[in-house]
Structure formats: C-alpha cells, structure tokens
Amino acid sequence: MKILHIVGARPNFPKLAPVYRAARAVGVSQVVVHTGQHYDDAMSDAFFRDLGIHAPDINLGVGSATHAIQTARIMERIEPVLLDERPDWVVVYGDVNSTAAAALVAVKIGQRVAHVEAGVRSHDRSMPEEINRIVVDRLADLLLTPSRTADATLRAEGEPEGEIVFVGNVMVDALLYAVERARLTGFRHRVGAEAGRAVVVTLHRPSNVDDPARLARIVDALRSLAEGRPVIFPVHPRTRARLDAARLDVGAVRLLPPVGYLDMLDLVDAAAVLVTDSGGLQVESAALGVPCLTMRDTTEWPETIDCGANRLVPEPAALGAAVAAARRLAHPARPEGWDGMAAVRVVESLRSR
Ligand code: UD1
C-alpha cells in the first residue's frame, strides 16, 4: 500500500508525525507533500525537526496569499503530483486551506481521500476552517474521527455509516510521544515561566487580531494581567503584523517569536493558565491538565469543556477574573481515544480497506 500525506500549515505537522511513524512501522510506502502554505523556519521546518520526521519529499512552495489564490495555487500544483504518484490513499489532516484544496483535486481524479480529524465542527461559518472542514468531510471516502461527538455530527450531516471510523485524537499521540523530551528543553526557564504562575498566550484568529479595536481591548487585558504575573506570548506572524501596524503598548507582556513544537509543549506544561484561540492548543492543554481560556464564542473541541479543562471567554474584559479563577486539573483530561494509539488505528483502518 502507498499513502500520500498532504500537509501545509503549522497545525498539520503534529498530526502527520504519529501517522507517519505508525505507517512506517508496518512497512507502508509513503510520500509527504508539503504545500508550502507555511514556509518560515519557525512555522514549518522547526516542527519537522522537533517531531523527528524527515523533511517533506515534495514542497509545492505556494506561500501566502488570499484564500482564493492560495487554494487555487495548491490545487494547480498538487494535481500533477497526485497523477504521478498514484497513491492508494491521499491522507489529509485537520482544516487548513491545504486540506480542502488537496481533497478537492484528489476526488476529482478518482483518488481515495482519508480525512484525519473528520467531523470536528465549531458551528461558526465565519471561520475559514469551518468551511474547509465541511467541504473535506463531504468529499472524503474515509472519515477518521477524534471523538464520539464528531461521529454523531457526521451521522447527523448524512454521511454513510460505513465511511465513519472513530480512531481518537492523533494530536494526543504526538503529545504523549514528545512530552518528556519537551520538559528537557529547559525552555520554561529561559523565558521565565518556571514558577507555575505564568499565563501563556497565543492568538492568531482573524476574528481576534484583524479588528484593531478588538485587538486593542485584548492587549489592554493582557497588559493588566502582566502587572501581577508573567505573561508570555509567542506571536504568530499574522498577529505580529497587526500588533506592529496598531503600535499598541503591551507593557510587561513578554512577546516571543513563534516557537517550535517542543518549546511550546514545555511552555504550556509550565503554565498556570493558557489563553488561546487555537484549536490544537485547547486539546494539548486539556491533555496536560492545564486550564485553558479560549478567547472565542465557540469551540470545535466541546470535550475539553465537558471535562472541565477549557472555558470560553470571548470578552477581553472578563479575562482577569477568569485567570484568577482557573485551577489546574488534578488529572489530565483523556476523553475516549485520547490515548496515544489513534495513529495506529488510522493506519489499520487504511490498510483494512
Ligand atoms: C492558518 C490556518 C489556520 C491555522 C493557522 C496556524 C487556514 C485557512 N488557516 O492560518 O487554521 O490555525 O494556519 O498558524 O488555512 N505567514 C508568515 N510565515 C509563514 C506563514 C504565514 O509570515 O510561514 C504570515 C503571512 O503574512 C500570511 C499570514 O501569516 O499572510 C497568514 O498565513 P495563512 O497561512 O494565510 O493563515 P494563518 O493565519 O497562518
């Protein structure tokens, strides 16, 4: 069997790594195609090094552009690769533009598509990721889900029962594999997060950072927090551009360049509280037992709320009280299938078809 993996943006890489390892362990032939949606070392290559997977076999070099141009470039450049490689399965991950673009091309040339992280929904169609998820799940032949909620969502949307396979959460596989190495990086000490008091922040969603008025209110809230405790904020390039343009005073908030996978894991593990709008970090903090405050109206990971690890705090003015009230979980949250074996089930499922 030959599988061709498509990845493109930072959150894809930790999902690829465990599936790649599980497939290699059983002798499956594999090709990794990177679309080049993310291209900075800190957003891309650093992750391949940290995750211990070799560099992509093919990089399409699409880079940044509007949604339409980026999606179109990926489609145009991936088609000849798929025609040339003729894989038994095209495996796509998560919800980024690369995921949707590749799935659309593959199904139209008659290649089978498996979607890792199928059925995840925020029910907020203003998020580009939500559109990508819906499109990919309609098109894919095999829907590999991370949770029972996702199974139920796909059934309710009319997906055939035979296409839905519950495998669990591959992000948790990656985390369990790497967490001890992450703790050895010493990153928490280098950035002053060692006392278990730090608030770690990541924000990059257009809904938070593209509106200068909202961004200013968020920065106000973070600046107040930083008067009492360390606030450490690795900044996504999109957010950095918006912060620079708005010339906001961040006070004692410690801004860092984007950090790699292991450093970020160490930072979250060391945090008293995580403040984020990321999807993946909601899962990772829950799996580590670190309380998460999600600065959004909706989440695609309701199980992190159900287990008490996560809370939605869309209003910046409410952040201070929410941080003060947040408590570390006595035990990390491990919903069904968040057990380190999801990638093995992904590969079993691909092989059995
Ligand atoms: C993308 C994903 C989002 C994911 C995020 C993680 C989509 C629709 N969105 O959003 O789901 O949570 O990745 O990072 O696919 N840039 C760089 N260097 C890079 C990459 C991007 O400087 O290596 C800058 C560019 O200015 C670019 C901007 O970041 O225009 C946005 O990049 P893009 O890939 O369009 O979307 P993200 O916001 O990163």
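We number each residue from 1, following the sequence as shown.
Asp263 meets the side chain to side chain contact (heavy atoms under 4.5 Å, CB included) test with Thr185, Phe187, Arg190, Val259; sequence neighbours excluded. Under the rule for a salt bridge (charged side-chain N to carboxylate O under 4.0 Å, His left out), the partners of Glu300 that lie at least two apart in sequence or sit in another chain are Arg133, Arg296. For Arg242, the salt bridge (charged side-chain N to carboxylate O under 4.0 Å, His left out) partners two or more places apart in sequence, or in a different chain, are Asp210. Qualifying salt bridge (charged side-chain N to carboxylate O under 4.0 Å, His left out) partners for Lys108, counting only residues two or more places apart in sequence or in other chains: none. Listed by chain and residue number, nothing satisfies the side-chain hydrogen bond (donor to acceptor under 3.5 Å, both in side chains) test with His38 (two or more places apart in sequence, or in another chain). For Asp269, the side-chain hydrogen bond (donor to acceptor under 3.5 Å, both in side chains) criterion is met by Arg183, Arg188, not counting sequence neighbours. Asn12 meets the side-chain hydrogen bond (donor to acceptor under 3.5 Å, both in side chains) test with no other residue; sequence neighbours excluded. Annotation: side chain to side chain contact (heavy atoms under 4.5 Å, CB included) contacts of Leu350 (sequence neighbours excluded): Met1, Ile3, Trp89, Val91, Ala114, Leu142, Val346. With sequence neighbours excluded, the residues that form a salt bridge (charged side-chain N to carboxylate O under 4.0 Å, His left out) with Arg217 are Glu315. Every residue two or more places apart in sequence or in another chain was checked for a side-chain hydrogen bond (donor to acceptor under 3.5 Å, both in side chains) with Arg112, and none qualifies.
The existence of a salt bridge linking Glu129 and Arg205 is confirmed by a sub-4.0 Å separation between a basic side-chain nitrogen and an acidic carboxylate oxygen. A salt bridge is absent between Asp266 and Arg181: the closest approach of a Lys/Arg side-chain nitrogen to an acidic carboxylate oxygen does not fall below 4.0 angstrom. Classification of Arg121 and Glu157 as a salt-bridged pair holds, one side-chain N sitting under 4.0 Å from a carboxylate O.
Contact of the Leu281 side chain with the Val268 side chain is registered, since non-hydrogen atoms from C-beta on lie closer than 4.5 Å. The shortest distance between side-chain heavy atoms of Val26 and Val347 falls below 4.5 Å. Between Trp301 and Met171, some side-chain heavy-atom pair lies under the 4.5 Å cut-off. Side-chain contact between Val116 and Val92 is absent, with no heavy atoms from C-beta onward closer than 4.5 Å. Proximity of Val172 to Asp339: side-chain heavy atoms (C-beta onward) are nowhere separated by under 4.5 Å. The shortest side-chain heavy-atom distance between Asn169 and Val283 falls under the 4.5 Å cut-off.
For Trp338 (side chain) and Pro146 (main-chain N/O), a donor-acceptor pair under 3.5 Å exists by modelled atom type. Between the Asp40 side chain and the Ala42 main chain, no donor and acceptor come within less than 3.5 Å of each other. Remark: side-chain polar atoms of Ser349 are not paired, donor with acceptor, to backbone N or O of Arg345 under 3.5 angstrom. Within the 3.5 Å criterion, the main-chain N or O of Ala342 finds a donor-acceptor partner in the side chain of Asp173. No side-chain donor-acceptor contact under 3.5 Å links Thr239 to the backbone of Val235. Checked by atom type and distance alone, the side chain of Arg125 never pairs as donor or acceptor with a backbone atom of Glu130 at under 3.5 Å.
Sorted by first and then second residue, the pairs that involve residues 208-256 and meet ring pair (Phe, Tyr, Trp, His ring centres under 6.0 Å), not counting sequence neighbours, are His204-His236. Evaluation of the salt bridge (charged side-chain N to carboxylate O under 4.0 Å, His left out) test over residues 9-22, restricted to residues two or more places apart or in two chains, returns Lys15-Glu117.
Of all the heavy atoms in Arg214 and Pro314, the pair that sits closest is NH2-O, 2.6 Å. Minimum heavy-atom separation, Val136 to Ala100: CG2-CA, 3.5 Å. Considering every non-hydrogen atom in both Ala193 and Leu267, the closest pair reads CB-CD1, 3.9 Å. Nearest heavy-atom pair, Ala287 versus Arg334, reported as atom, atom and distance to 0.1 Å: O-NH2, 2.7 Å. Across Val107 and Leu139, no two heavy atoms sit closer than the pair CG1-O, 3.5 Å.
Atom OG1 of Thr99 sits about 9.0 Å away from atom CD1 of Ile6, to the nearest 0.5 Å. Glu284 CD to Tyr261 OH: the interatomic distance, rounded to the nearest 0.5 Å, is 5.0 Å. Atoms OG and CD, from Ser44 and Gln37 in turn, are 10.5 Å apart once rounded to the nearest 0.5 Å. Taken to the nearest 0.5 Å, the CE atom of Met295 stands 14.0 Å off from the OG atom of Ser278. Considering NE2 of His34 and CG of Asp45, their distance stands at 7.0 Å, rounded to 0.5 Å. Put simply, OG1 on Thr149 and CZ on Phe166 are 9.5 Å apart, with the number rounded to the nearest 0.5 Å.
In summary, the side chains of Thr299 and Gln282 do present a donor paired with an acceptor at a separation below 3.5 Å, with no hydrogens or angles considered.
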task: Start with the C-alpha gap between Asn208 and Leu215, add the side-chain angles, then the distance that decides, and say whether side-chain contact (heavy atoms from CB on, under 4.5 Å) holds.
output: CA-CA 6 Å; Asn208 277 326; Leu215 183 62; over 6 Å; no
message: For a side-chain contact (heavy atoms from CB on, under 4.5 Å) check, start with the C-alpha distance between Thr276 and Leu203, then their side-chain angles and the critical distance, and finish with the verdict.
response: CA-CA 5 Å; Thr276 193; Leu203 296 164; 5.8 Å; no
- prompt: Can you check side-chain contact (heavy atoms from CB on, under 4.5 Å) on Phe13 and Leu51, steps first, answer last?
  reply: CA-CA 8 Å; Phe13 310 136; Leu51 290 158; 3.9 Å; yes
query: How far apart are the C-alpha atoms of Val90 and Leu82, what are their side-chain angles, what is the distance that settles it, and do they pass the side-chain contact (heavy atoms from CB on, under 4.5 Å) test?
result: CA-CA 8 Å; Val90 176; Leu82 296 180; 4.1 Å; yes
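When the options Asp137, Asp95, Asn97, Thr71 are evaluated for a side chain to side chain donor-acceptor pair (under 3.5 Å) with Asn132, the one that passes is Asn97.
Taking the six-membered ring for Trp and thresholds of 30 and 60 degrees, Tyr93 and His5 have nearly parallel ring planes, at less than 30 degrees apart.
Criterion: ILVMFWY side-chain heavy atoms under 4.5 Å apart, direct or through other members. Under it, Tyr20 and Val31 are not part of a common hydrophobic cluster. Tracing side-chain contacts under 4.5 Å through hydrophobic residues (I, L, V, M, F, W, Y), one never reaches Val165 starting from Val113; they form parts of separate clusters. Leu144 and Ile134 are members of different hydrophobic clusters when ILVMFWY side chains are connected at heavy-atom separations under 4.5 Å. With hydrophobic clusters built from ILVMFWY side chains whose heavy atoms lie under 4.5 angstrom apart, Ile69 does not share a cluster with Val135. Residues Leu256 and Leu243 are members of separate hydrophobic clusters, defined by side-chain heavy-atom contacts under 4.5 angstrom among Ile, Leu, Val, Met, Phe, Trp and Tyr.
Counting heavy atoms of neighbouring residues, nucleotides and ligands inside a 6.0 Å radius, atom CZ of Arg351 does not exceed 12 of them. Atom CE of Met341 is surrounded by 12 or fewer heavy atoms from other residues, nucleotides or ligands within 6.0 Å.
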